Amino acid sequence: MKKWLALATLPLAYTVGATLYARIKKPSRITRSLASPNTVYLTFDDGPNPYYTPQLLDLLKRYDAKATFFVVGELAQKYPHLLRRMHKEGHAIGIHHYAHKSAWQLTPHQLQQQIEQTRRIIYAITGVRTHLYRPPWGHFNAATMHIAKHDYVVLWSHIFKDWKATHNNLHLLKHPIADGSILLLHDNGDTKGADSTAPSVMLKALEGFLATATQQFLALPGEDNEC
Ligand SMILES: [Zn+2]
């Protein structure tokens, strides 16, 4: 009976247990904010998207704001010109798995493949070896911290449910916002559970936020420049 109980508990420990440990215990390699005076970090997940990402890059350029893009490897492969543009315009690029899959569905070997394949794609396109990693949905499995042992695992200080076109919390995207905050937004609405037009709502809210900002917006540190 005890053996069965242990076996039934194992998958929970591998998935939910590992995620709770990462979120509650807060190991030092997990970043939620930085001690950076007068600076806010914008991060965008799930892209690149051929329709919304160029609009976002235009907007960031207009306000001289730098950001960090946690890209999906298979989309980066599909739209390499968007990664080249991100890099050229001073943004940082991080890993958000090759496909938008939760670490809960992945064996340690599959998780490693998701991360390393995306790292290689980003390197092939931009010449930059990134050490920035954000797990989709913020899900960890028991192997995550070991596999990403040379990476900065970046979560967030603020999340706005901006993958929804309505009933989001984008009204909370406003000043004042604490120095060093890491804001999580999305430049692609094609992910499962998201609304496809949600990024247009996000872009509008972001424009208002940038227009009234007094702090600077910088890319997260965590890339090795090799080119
Ligand atoms: Zn995501």
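Heavy-atom basis, side chains included; hydrogens, waters and symmetry copies ignored. Everything quoted here is computed from the prediction, not taken from an experiment. For ligands, and for the atoms within them, numbers begin at 1 and follow the listed sequence.
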| Protein N, O or S within less than 2.8 Å of the Zn ion (ligand 1), waters excluded |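 Only D46 OD1, H96 NE2, H100 NE2 fall inside 2.8 Å of the Zn ion (ligand 1).
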| Rounded to the nearest 0.5 Å, how far does OH of Y152 lie from CG of L220? |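 Going from the CG atom of L220 to the OH atom of Y152 covers 10.5 Å.
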| field | Option from D46, N188, D190, T191 for which side chain to side chain donor-acceptor pair (under 3.5 Å) with H100 holds | value |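 Only one of D46, N188, D190, T191 forms a side chain to side chain donor-acceptor pair (under 3.5 Å) with H100, namely D46.
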| Between H186 and F44, is the ring centre distance below 6.0 Å? |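 Centroid distance H186-F44: not below 6.0 Å, so no.
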| field | Check: H96 ring centroid to F69 ring centroid under 6.0 Å | value |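 No, the ring of H96 stays outside the 6.0 Å limit from the ring of F69, centre to centre.
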| task | Would you mind listing every side chain to side chain donor-acceptor pair (under 3.5 Å) that reaches into residues 10-24, with sequence neighbours excluded? | result |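 Of all non-adjacent pairs touching residues 10-24, those that pass side chain to side chain donor-acceptor pair (under 3.5 Å) are Y14-N141, T19-W104.
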| task | Look at the rings of F160 and H158 and say which category their plane angle falls in: under 30° parallel, 30 to 60° tilted, over 60° perpendicular. | result |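 Rings of F160 and H158: parallel, as their planes differ by under 30°.
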